[in-house]
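In this text the structure is predicted, and so the values were computed from the model without any measurement.
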Amino acid sequence: FNAAVVRLRETIGAIVAAYLGGTAVAILLVSLSGAAVNSSTYNVLGFIGLWSGFVGVPVYLSRTRGTGRLSRDFGLRFGGPADVGLGLLAGLVSYGVVEVYSAAIQALGDHANLGHEATQLSGRGLGPGFVVFALAAAVGAPIAEEIFFRGLAQPVFQRHLGGLAGLILTAVAFGFAHLGSNPIEVVIPLAFFGLVLGALAWRTGRLGPGIVAHMTFNGVTVILLAASR
């Protein structure tokens, strides 16, 4: 293999290791705990396990092959109030687009519940389980997922496949990564959201706007779930 192929193989290996490693840790932690499915403990351990891969591998790569700073190696930084405003706008518009998509497929006779997994993970009522879900969805997930998808994966795909192709591939992967117990119809709107998040990171060179957009999008979901109970 030439040097470029070796670098590609090693970096893709890091992406796979981050995703599968985090999933394995999550399964292990949940299994060892014996926690009931969708209990607060079950959800916390699942999130911690998955994020250990999403964040742990980039941290390792930064310290062993980079500058040791995620802000420089993976773009984990904010550009000030402008990033907040851009992120809020992107998150709200994206949520609106997803709502339009949901209404459109229902009008066509498809009554799939796009928020099935969120409802399931949030438990019942507004007790401790919901608080854990809210913090994980609105704070933890946006940070960990942006580091993994837009900080680690997208630059690799764009470097070797080209800007647009890499952006699209990362967005599609983001959509399928959220399939879980959701209906297949959820992949399209979340892939669209992935495109928005990817475009923000690509054009600004920072994860800040995408993190704010992700927090906004998930935060609206949390608020609407709370209001429905």
Side-chain angles (χ1 to χ4, degrees), residues 19 23 26 36-40 42-43 46-47 50 54 85-146 148-150 153-154 164-165 167-202 209-229:
Y19 190 84
T23 300
V37 176
N38 290 330
S39 65
S40 298
Y42 180 96
N43 290 337
F47 291 139
L50 186 59
F54 280 13
L86 181 60
L88 284 170
L89 178 62
L92 291 174
V93 170
S94 295
Y95 195 91
V97 170
V98 173
E99 286 296 291
V100 171
Y101 169 84
S102 178
I105 63 173
Q106 288 188 28
L108 294 173
D110 186 340
H111 299 287
N113 178 12
L114 302 185
H116 173 72
E117 187 170 60
T119 302
Q120 186 181 59
L121 288 174
S122 61
R124 297 183 179 182
L126 297 174
F130 186 85
V131 174
V132 170
F133 164 77
L135 291 174
V139 181
I143 296 174
E145 291 181 5
E146 290 311 301
F148 173 71
F149 283 102
R150 260 61 64 174
Q154 181 170 300
L164 183 58
L167 172 66
I168 293 173
L169 178 58
T170 306
V172 171
F174 179 77
F176 275 101
H178 287 80
L179 184 56
S181 61
N182 283 319
I184 190 65
E185 290 89 342
V186 81
V187 172
I188 292 178
L190 288 186
F192 165 78
F193 185 42
L195 282 174
V196 173
L197 296 172
L200 289 175
W202 186 16
I211 289 176
V212 174
H214 207 147
M215 286 181 170
T216 302
F217 186 97
N218 288 8
V220 172
T221 300
V222 169
I223 290 171
L224 293 180
L225 273 174
S228 68
R229 300 182 175 187

Verify side chain to side chain contact (heavy atoms under 4.5 Å, CB included) between Leu195 and Ile168, making sure each step is shown before the conclusion. CA-CA 7 Å; Leu195 282 174; Ile168 293 173; 4.2 Å; yes
Looking at every heavy atom in both [X] and [Y], which two are closest together, and how far apart are they?
X	Y	value
Asn218	Ala138	CB-CA, 4.3 Å
Ala136	Pro142	O-CD, 4.1 Å
Ala137	Val222	CB-CG2, 4.1 Å
Gly194	Ala171	C-CB, 3.7 Å
Phe130	Gly125	CB-O, 3.7 Å
Glu146	Leu197	OE2-CD1, 3.3 Å

Non-hydrogen side-chain atoms of Leu167 and Trp202 separated by less than 4.5 Å: yes
Which pairs with one or both residues in residues 92-113 pass ring-ring contact (aromatic ring centres under 6.0 Å, His included), sequence neighbours excluded? Tyr95-Phe217
How many angstroms lie between [atom1] in [X] and [atom2] in [Y], if you round to the nearest 0.5 Å?
X	Y	atom1	atom2	answer
Phe174	His214	CZ	NE2	4.0 Å
Gln106	Asn113	CD	CG	8.5 Å
Phe47	Phe54	CZ	CZ	11.5 Å
Phe133	Leu126	CZ	CG	11.5 Å
Arg150	Gln154	CZ	CD	6.5 Å
Phe148	Thr170	CZ	OG1	9.5 Å

Evaluate side chain to side chain contact (heavy atoms under 4.5 Å, CB included) for Tyr42 paired with Leu121, printing each intermediate quantity in order. CA-CA 10 Å; Tyr42 180 96; Leu121 288 174; 5.6 Å; no
Counterpart residues, side-chain contact (heavy atoms from CB on, under 4.5 Å), relative to Phe192 (two or more places apart): Ser94, Val97, Val196
With Leu92 via side-chain contact (heavy atoms from CB on, under 4.5 Å) - residues at least two apart: Thr216, Val220
Kindly indicate, with the supporting measurements, whether the criterion side chain to side chain contact (heavy atoms under 4.5 Å, CB included) is fulfilled by His178 and Val186. CA-CA 8 Å; His178 287 80; Val186 81; 5.6 Å; no
Tell me, with the steps shown, if Met215 and Ile143 meet side chain to side chain contact (heavy atoms under 4.5 Å, CB included). CA-CA 8 Å; Met215 286 181 170; Ile143 296 174; 3.9 Å; yes
N/O donor-acceptor pair under 3.5 Å between Thr23 side chain and Tyr19 backbone: yes
Partner of Val212 under side-chain contact (heavy atoms from CB on, under 4.5 Å), chosen from Leu200, Leu86, Leu88: Leu88
